[in-house]
Amino acid sequence: MKILFAAAEVAPYSKAGGLADVVGSLPKYLEDNAEIAIFTPLHGLIDVNKYGIKELENSEMWLTFGNQGHKFRLFMCKLPDTNINIFFIHNDWYFTCFKEVYPKWLDTRYEHERYVAFSLAVLEYAKALNFKADIIHANDWHTAMIPIYLKSNYRYDKFWENTKTIFEIHNLAYQGVWFEDILDFANMRKDIVYNPDGVEHFGKVNWMKGAINYSDKIIAVSPTYAKEILTEEYGEGMDYTLRMNQSKLVGILNGIDYSIFNPKNDKNLKANYSESQITNKEKNKKAVCEYFGLKYNSERPLIAFISRLVKQKGLDLIRDAENLMQSTNADFVFLGSGNKDYENLLIWLSNNTSNIRSYVGYDTKLANLIYAGSDFFLMPSKFEPCGLSQLIAMHYGSLPIVRATGGLEDTVIGYPLNDSTGFKFWRYDSWDMMQAIYCAMDVFKDKMTFNIMRKTAMKSDFSWYNSTSKYLNIYKQLAGQNI
Ligand code: ADP
């Protein structure tokens, strides 16, 4: 079985979020069962020398779209510790000139052009390499054009006639919406695709809608998110289309790579520890307090928040609850960057309160120290497709306090259930969030319960092994239809 993955970002080469982690790690676990090729853009930030990425001989290819010829080149290396080929598509104008995966302030139309270019190049290079995939696994709107092309321009192409497509939704909030003229740019068969059963959505082109309509299978990154996106509340305007395609939709939880996130050997920590030798965890708490200028007190809970600062992550609840947080007998540390209003809120709280401290920026080392040093991890998300942070927090013994949505609902067992691993609230409401925080603080005083919960959380298994078999079943099911 041959599987082709296409994604805008792949760890460790280029990473902006969870998508990169998934595409960079899932294939490793499939390697024994399938021949895999990964395609991703050669973003200018990718360190070609560090990873031994080399250009293939005679790789130059010209493709015509947008009324002109475009030159592409193809680079390649092996995914670390595997025999999997990862192909990097080079184009100066669209990718290689940028030092970010998603450069800010790009003209939206140009962003669409970039991923039309990428998707076409993936299909043409795969053909040139004779990689006749049984399955193409496309991810998020950037690669949504691939299943759409296969059902339109390429539908009579013998090479692709047996290929099935999977479209994975990592975040429904970003759909790729632009005016109809982008179809002319893409040379896409408008007569086939520009209708509500294709890519048309309220008079515009919506790439994600097209992929949902045309793919053979749709995967959402957690079972609860797969149910939520069928509703108006979480559907981002796509719930009707998803309900029409419900028979193809399935939710599979993402995993995390415990070889990367492990308090036993994480070099970013002040002291390493495990669930059976937990005493060293306290040294990390001391280090975090020191870093943020808080007075260390083992009896006072330390609650952490690490995230992109966007509305999705529940920052409005934090703003609403700031007074209550200030008067709470706990310390809070925030690490994040993003929306300026939220950044300012965190800076203000840091400067004007005695128990809330923030670092505005992106710092993975500090993040790991905070996971290790905190007692609780706050994630009051409005929606959360899967969420990796709560999985990392649990493994580092920081009990999650979460709004029960998406992957948070699926991965955290809320106190006081058996084997509980964290605390949950349901309504998107600051008062409810505070009640969950107060409950966590009470449990913190009850050392026996707290220690049992912490041990249970640290031992929970969210490794890829659990999810891989579910992906594999889907691949086999789809491929079986045509082998
Ligand atoms: P999302 O993909 O929506 O951003 P996830 O919970 O799936 O949320 O993954 C977020 C990842 O990014 C986690 O590994 C988290 O530790 C990390 N992260 C988020 N913000 C920061 C930051 N400011 N500094 C360091 N790491 C961060």
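Order of appearance sets the numbers: ligands from 1, and atoms from 1 within every ligand. Residues: numbered from 1 along the sequence shown. Computed from a predicted structure; not experimentally measured.
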**Asked** What class does the angle between the rings of Y471 and W464 fall in, given that below 30° is parallel, 30 to 60° is tilted and above 60° is perpendicular?
**Response** tilted
**Prompt:** Using 30° and 60° as the class limits, which term best fits the ring planes of Y102 and H142: parallel, tilted or perpendicular?
**Reply:**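 Parallel, since the angle between the ring planes stays under 30°.
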Shortest protein contact, [atom] (heavy atom only):
{"atom": "atom 21 (C) of ligand 1", "answer": "Y362 CE1, 3.5 Å"}
{"atom": "atom 24 (N) of ligand 1", "answer": "D363 N, 3.0 Å"}
{"atom": "atom 20 (N) of ligand 1", "answer": "S307 C, 3.4 Å"}
{"atom": "atom 4 (O) of ligand 1", "answer": "R308 NE, 2.8 Å"}
{"atom": "atom 11 (C) of ligand 1", "answer": "S389 OG, 4.2 Å"}

**Asked** Considering F305, F377, F383, Y371, which one's heavy-atom position lies nearest to atom 16 (O) of ligand 1?
**Response** Y371
**Prompt:** Is a salt bridge present between K104 and E100, judged by a nitrogen-to-oxygen distance below 4.0 Å?
**Reply:** yes
**Prompt:** Should K286 and E282 count as an ion pair when the cut-off is N to O under 4.0 Å?
**Reply:**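 The answer is no: the pair does not qualify as a salt bridge.
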Looking at [X], which atoms of ligand 1 are within less than 4.0 Å of one of its heavy atoms?
{"X": "G18", "result": "2 (O)"}
{"X": "A367", "result": "25 (C), 26 (N)"}
{"X": "G387", "result": "6 (O), 7 (O)"}
{"X": "G361", "result": "22 (C), 23 (N)"}

**Candidates D257, T82, L472 - the one meeting side-chain contact (heavy atoms from CB on, under 4.5 Å) with Y29** = D257
**Message:** Could you report the tightest heavy-atom contact between W426 and R403, atom names first, then the distance?
**Reply:** O-NE, 2.8 Å
**Item:** Contact (N/O only, under 3.5 Å) between K313 and ligand 1
**Value:**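 Yes; at least one N/O pair falls below 3.5 Å.
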**Asked** Can you find an N/O atom of L388 closer than 3.5 Å to an N/O atom of ligand 1?
**Response** yes
**Request:** Using the side chain to side chain contact (heavy atoms under 4.5 Å, CB included) rule, take N206 and M238 through it: C-alpha gap first, then chi angles, then the decisive distance, then the call.
**Result:** CA-CA 10 Å; N206 183 314; M238 203 45 63; 3.3 Å; yes
**Asked** Should E31 and N83 count as side-chain neighbours, where that means a heavy-atom distance under 4.5 Å?
**Response**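 In short, these two side chains touch, coming nearer than 4.5 Å.
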**Item:** Side chain, backbone, both or neither: the part of I392 lying under 4.0 Å from ligand 1 by heavy atom
**Value:**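 Side chain only; the backbone of I392 stays clear of ligand 1.
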**Request:** Measure the distances from the heavy atoms of P385 to every atom of ligand 1 and state whether one is below 4.0 angstrom.
**Result:** no
**Message:** Between ligand 1 and Y359, can you find any atom pair, the residue atom being a heavy atom, that is separated by under 4.0 Å?
**Reply:**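 In this structure, Y359 fails to qualify as a contact of ligand 1 - no heavy atom is under 4.0 Å.
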**Request:** Hey, could you give me the CG/CD1 distance between L388 and I256, rounded to the nearest 0.5 Å?
**Result:** 7.0 Å
**Prompt:** Got a sec, which residues hit salt bridge (Lys or Arg N to Asp or Glu O under 4.0 Å) with K99, two or more places apart in sequence or on another chain?
**Reply:**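 Once residues adjacent in sequence are excluded, K99 has no partner under the salt bridge (Lys or Arg N to Asp or Glu O under 4.0 Å) criterion.
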